[in-house]
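Letters A, B, ... mirror the listed sequences (proteins, then strands); counts begin at 1.
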Number of protein chains: 2
Amino acid sequence: MNTRKTKQKEIVYQVLCQMSNHPTIKELYDVIHNENPELGQATVYRNVAKLVEEGKVLKISTPEGIEHYDANCKFHSHFLCSKCHRIFDIYTIESKDIMKMVDNSLHVSRVQVLLEGICNQCQSGVEK
Amino acid sequence: MNTRKTKQKEIVYQVLCQMSNHPTIKELYDVIHNENPELGQATVYRNVAKLVEEGKVLKISTPEGIEHYDANCKFHSHFLCSKCHRIFDIYTIESKDIMKMVDNSLHVSRVQVLLEGICNQCQSGVEK
DNA sequence: ATCCTTATTGATAATAATTATCAATAATAT
DNA sequence: ATATTATTGATAATTATTATCAATAAGGAT
C-alpha cells in the first residue's frame, strides 16, 4: 500500500478536466471549494502536485510568475496574451518537428513551447 | 527625466552578463552582494524587472517554479535537466521554423522553447 | 558649479504563495 | 472487523516578492 485513491484527489482531477482555461491553483481551488466546502486548499496543492508527478496533469510555467495547470496532456503549445493574460492552445506545432531540430544524443522527455503576444480579441480593440 | 542611469542598475546588468548559468534572483543577488555589500536585494529585484521590461534580459520560466534570468537575448532554447536542475542553451532550434508552424494571423512577439530531460552528465552516472 | 526636482535606493514591513506540521480520518491489506 | 498508515483539514511556518518611506543621488535648469 503506497498510494491511495481518495475522493478528494478524484474531485481535484475531475474539476480540472472540466476547466479548459488553464487555471491557476487559486482558480482551481475556488471552483472546487464552491461545490466542496470541506475540501481544503492544502489538499488541492498536494493533489495537483501528485497529478503532475504522475503525468496526468501538465504544469504550465509563464513569465508572469504563477503556474497554470492543464488536464490535457497530449502535446500542444500555448499562447499567452500579454494583455488579457489568458492562455490559448496551439495545436499546429508538432513536437516531432521540434525534436528534428535537436541533437538526438540529448535525452528529452518533454517539450514546452510558449508563444507570447497579443491575442486577436485584444488586438481588435475590445478593451478589458 | 523619466528613467535614470544608476551604478546599481549597471552592476546588476554587468554581473548578470558575466554569469552564463541562468541564475535565479537569489543566485544573482549573492554574487552581487559579495562584491557590493551595500547593494540591497530589493534593488536587485527592481532592476532585474526593469531590464526584463526593457528587453535587455530574458526571464526563463520553468516548471520548477523559480524564475531564472539570462542576459543573452538572442533567440535560443533551453534544456532543463530534471536531475541536476541546471539549464543548458540549445542553439539548433530556429524561431522562424517554429513560426512557420503557427497561423500567421497571430501576433507573436516572443517564443520560448523549453526541453526537459536528463543531461548527458547526469545520464552517464556522475552522481550529484 | 549650485540648486531643484524627483527617480532610485536601502532597509524593512507587508503581502502572497507554497510547504510543513500534526492530530484526526479513512483507504486498503490482512 | 482490525490494524496500519497514507491522506486530509486546519493552521503555522517558510519563502518569494512587492510595497512603504525617508534618505540619497541623477541630471536638467539656473
Side-chain angles (χ1 to χ4, degrees), chain A residues 1-16 19 21-54 56-70 80 82 85 87, chain B residues 1-16 19 21-54 56-70 80 82 85 87:
Chain A
M1 146 184 21
N2 206 356
T3 180
R4 292 174 185 179
K5 186 176 180 179
T6 67
K7 292 190 207 102
Q8 290 88 343
K9 186 175 181 184
E10 196 55 30
I11 289 170
V12 168
Y13 183 58
Q14 289 307 328
V15 171
L16 183 56
M19 296 177 79
N21 61 327
H22 315 88
T24 61
I25 282 269
K26 192 179 175 335
E27 291 165 343
L28 177 59
Y29 169 70
D30 287 346
V31 173
I32 288 171
H33 191 255
N34 216 43
E35 304 176 334
N36 309 80
E38 74 292 345
L39 206 162
Q41 77 171 353
T43 300
V44 176
Y45 269 95
R46 280 183 293 234
N47 282 308
V48 167
K50 270 177 216 160
L51 289 163
V52 170
E53 272 178 41
E54 294 167 9
K56 296 177 76 178
V57 164
L58 191 72
K59 183 193 269 195
I60 306 169
S61 317
T62 79
E64 293 184 349
I66 337 166
E67 311 284 348
H68 293 253
Y69 296 90
D70 193 344
L80 170 67
S82 321
H85 310 291
I87 296 175
Chain B
M1 149 183 19
N2 206 358
T3 180
R4 292 173 184 179
K5 185 176 180 180
T6 67
K7 292 190 208 100
Q8 290 87 345
K9 188 175 180 184
E10 195 55 30
I11 289 169
V12 169
Y13 183 59
Q14 289 306 328
V15 171
L16 183 56
M19 295 177 80
N21 60 328
H22 316 89
T24 62
I25 282 269
K26 193 178 174 339
E27 291 166 342
L28 178 59
Y29 170 71
D30 287 345
V31 173
I32 289 171
H33 191 254
N34 216 43
E35 304 175 335
N36 310 81
E38 74 293 343
L39 206 163
Q41 77 171 354
T43 300
V44 176
Y45 269 95
R46 280 184 293 234
N47 282 308
V48 167
K50 270 177 216 160
L51 290 163
V52 170
E53 271 177 45
E54 293 168 10
K56 295 177 76 178
V57 163
L58 191 71
K59 183 194 269 194
I60 307 170
S61 317
T62 79
E64 293 185 349
I66 337 165
E67 311 285 346
H68 293 252
Y69 297 90
D70 193 343
L80 170 67
S82 320
H85 311 290
I87 295 174

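- With 3.5 Å as the limit, one finds no donor-acceptor pair spanning the side chains of A/Glu67 and A/Thr24.
- The only member of B/Lys7, B/Gln8, B/Gln14 that meets side-chain hydrogen bond (donor to acceptor under 3.5 Å, both in side chains) when paired with B/Glu10 is B/Gln14.
- Between the P atom of C/dT18 and the CD atom of B/Glu64 lies a distance of 15 Å, rounded to the nearest Å.
- The distance between atom NZ of A/Lys50 and atom P of C/dT18, rounded to the nearest whole Å, is 17 Å.
- Spacing between atom OH of A/Tyr29 and atom P of C/dT19 amounts to 17 Å, rounded to whole angstrom units.
- Among the heavy atoms of the strands, none lies under 4.0 Å from B/Ile25.
- To the nearest angstrom, C1' of D/dT8 lies 18 Å from NZ of A/Lys5.
- Taking 4.5 Å as the limit, every side-chain heavy atom of B/Tyr69 sits out of range of all side-chain heavy atoms of B/Leu28.
- Counting heavy atoms from C-beta on, the side chains of A/Asp30 and A/Pro23 never come closer than 4.5 Å.
- For C/dG10, one of the phosphate oxygens OP1 or OP2 lies less than 4.0 angstrom from a side-chain nitrogen or oxygen of B/Thr43.
- In the set C/dT19, C/dG10, D/dG27, C/dG10 carries the atom at the smallest distance from any side-chain atom of B/Leu39.
- Under the 4.5 Å side-chain criterion, counting only non-hydrogen atoms from C-beta, B/Lys9 is in contact with B/Leu51.
- Under 4.0 angstrom from either OP1 or OP2 of D/dT5 there lies no side-chain N or O belonging to A/Asn2.
- Note: CD (B/Glu10) to C1' (D/dA25) measures 16 Å, nearest angstrom.
- At the heavy-atom level, A/Ile66 lies nowhere under 4.0 Å from the strands shown.
- The side chain of A/Thr6 contributes no N or O atom lying less than 4.0 Å from OP1 or OP2 of C/dA26.
- Taking side-chain N and O atoms only, A/Gln8 has a distance below 4.0 Å to OP1 or OP2 of D/dG9.
- For A/Lys7 and C/dA27, the shortest distance from a side-chain N or O to OP1 or OP2 is below 4.0 Å.
- Of the residues near DNA chain D, B/Ala42 and A/Asn47, the one whose nearest nucleotide (by heavy atom distance) lies more toward the 5' end is A/Asn47.
- Between the base of C/dT6 and the side chain of B/Arg4 there is a donor-acceptor pair shorter than 3.5 Å.
- Distance B/Arg46 CZ to D/dT17 C1': 12 Å, rounded to the nearest Å.
- For A/Thr3 and D/dT7, the shortest distance from a side-chain N or O to OP1 or OP2 is below 4.0 Å.
- Atom pair A/His68:NE2 and C/dA17:P shows a separation of 11 Å (rounding to whole Å applied).
- To the nearest angstrom, C1' of C/dA26 lies 14 Å from CD of A/Glu38.
- Residue A/Lys26 is classed as having no contact, given no heavy-atom separation below 4.0 Å to the nucleic acid.
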